[in-house]
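The structure under discussion appears below in the form of structure tokens.
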Amino acid sequence: NLSSSKAVFEQRLCESLFISFARLEAPPAVRTMTTYLWLDCDPGHDDAFALILACHGLNPAVIVAGVSTVCGNQTVDKTTDNALRVLHLLGRDDVQVHKGASKPLIRPTRNCPEIHGESGLDGPDIPDAGREASDTPPIVAMAKAFEKVLQIPSATPTLVAMGAMTNVALFCSVYPEIARQINLVFMGGALTKGNTGPTAEFNIQCDPEAASVVLEFPFKSITMVPLETTHTALVTKKIRNRMRVGPSYIPPNDDTGTDTTVTATNRFRQLTDEILMFFANTYSKEFGFKHGPPLHDPCAVFFAIAPEKFKTEKLRIDVECSGTHTAGTTVVDWWRQSPEKPLNVDVVLDMDVESFWEAMCIAVDNASAACPLR
Ligand code: RIB
Ligand code: CA
């Protein structure tokens, strides 16, 4: 009726005005140079938010050169379908999706339905994308995309890996001359406690041999965003409410975001909230996270677009590939006991979490305005 459509119009107007002002008054995270990203992922609830941040981040100078998918959270058929659906939801059918490795280099496949469900993105009913993945294999598409970017003066492409590193290992093995000119940022590994292994994190544990190949390869830079960092990016009730409502949300005085009357103001925000609700439930059940699930993968995208918001230390990292109980562990040579091995990874030790959520929430606002579904 007229009053509800007026309210919807006012909400949308507020969102678009906020977004335009946000772009004008952007925090320092907005960079003047263009950032060229390739996203390798296994959507995946947190991968979906990494796509939101990359495709609609506050920084308008982020170009997503392509997306490749890998077997991890679910089979590669499912992660590919999920990537296509999420990009369609974001109004980004222009971004090509390339279906990658269906299994690890050596080991049998391993999925994670206990966290991501049978579809890999259980919870919301996200409409079909209405398009297929590209016929071009991911490593070929990566090589073409990176070669184009490398022709731009002072441009360095960044490969953001957010699943098993099978595609990344194949890429640097087949195209070493290109790979050594690009930056690699990966969400994965742990400095102490694992998640799906006592000391191993899931992305590395899925394909330890691939991760070992990658961390031994001389990329221009390798940055690791471990569980210790991503576990500081918890989707609290307050964040959930802010994402449901948009920029006009004012948290209650108790500042815990416990206002349960807050409802999503449009279909996009409803669908993204259903993604978070499923993820929160499985993380609470499987890992006892009672204050919200950790949004792992967008932290790696945030590093790629705003590295100044992070603290890193160059360390020697090796991947355990043969341990019965420890396969997939990222082993840190804290005391340089193997000085003959070069320092190979910039390990993230801290992230500006407030800036991360500011960028993530604005990306959700931008995506909400761009979503073709109403
Ligand atoms: O361990 C967390 C990582 O494993 C995230 O990338 C999540 O999406 C899963 O792939
Ligand atoms: Ca992932």
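Note that ligands are numbered from 1 as they come in the structure, with each ligand's atoms numbered from 1 the same way. Side chains are part of it too, since the values below use all heavy atoms of this structure and drop only hydrogens, waters and symmetry mates.
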> With a 4.0 Å heavy-atom cut-off (strictly under), which part of Thr230 contacts ligand 1: side chain, backbone, both or neither?
Replying inline: neither
> Looking at Asp47, which atoms of ligand 1 are within less than 4.0 Å of one of its heavy atoms?
Replying inline: 8 (O)
>> Suppose you place the vertex at the Ca ion (ligand 2); what is the angle out to Asp47 OD1 and Met162 O, to 10°?
In response: 140°
> Do the non-hydrogen side-chain atoms of Leu373 and Phe268 ever get within less than 4.5 Å of each other?
Replying inline: no
>> What is the name of the N/O/S atom of Asp42 that is nearest to the Ca ion (ligand 2)?
In response: OD1
>> Is the ring pair Phe302/Phe310 parallel, tilted or perpendicular, if the boundaries are 30 and 60 degrees?
In response: tilted
> Do Ser284 and Asn281 get their side chains close enough for a donor-acceptor pair, meaning under 3.5 Å?
Replying inline: no
>> Could you identify the single nearest non-hydrogen protein atom to atom 6 (O) of ligand 1 and state the distance to 0.1 Å?
In response: Asp297 OD1, 2.6 Å
> So is there a nitrogen or oxygen of His296 less than 3.5 Å from a nitrogen or oxygen in ligand 1?
Replying inline: no
> Do you know which two heavy atoms are closest between Ala54 and Leu39, and how far apart they sit?
Replying inline: CB-CD1, 3.6 Å
> Which ligand 1 atoms are under 4.0 Å away from a heavy-atom of Asp46?
Replying inline: 5 (C), 6 (O), 7 (C), 8 (O)
> Does an N or O from Met187, backbone or side chain, lie closer than 3.5 Å to an N or O of ligand 1?
Replying inline: no
>> Name the residue from Phe356, Phe202, Tyr283 that meets the ring pair (Phe, Tyr, Trp, His ring centres under 6.0 Å) definition with His296.
In response: Tyr283
> What residue and atom, counting heavy atoms only, is the protein's closest point to atom 9 (C) of ligand 1, and at what distance?
Replying inline: Asn73 OD1, 3.1 Å
>> Does this structure show an ion pair linking Asp207 with Arg110, if we count only N-O contacts that are shorter than 4.0 Å?
In response: no
> Of all the atoms in ligand 1, which lie at a distance below 4.0 Å from a heavy atom belonging to Asp42?
Replying inline: 8 (O), 10 (O)
> Which heavy-atom pair separates Val76 from Thr80 by the least distance, and what is that distance?
Replying inline: O-OG1, 2.5 Å
> Can the ring centres of Phe171 and Phe146 be said to be less than 6.0 Å apart?
Replying inline: yes
> Which protein heavy atom lies closest to atom 2 (C) of ligand 1, and at what distance to 0.1 Å?
Replying inline: Glu201 OE2, 3.3 Å
> Closest to the Ca ion (ligand 2), which N/O/S atom of Asp297 is it?
Replying inline: OD2
>> Starting from atom 10 (O) of ligand 1, what is the nearest protein heavy atom, named by residue and atom, and what distance separates them?
In response: Asn203 OD1, 2.8 Å
>> With rounding to the nearest 0.5 angstrom, report the NZ to CG distance, Lys311 to Asp352.
In response: 9.0 Å
> Where on Asn195 is there a heavy atom closer than 4.0 Å to ligand 1, on the side chain, on the backbone, on both, or on neither?
Replying inline: side chain
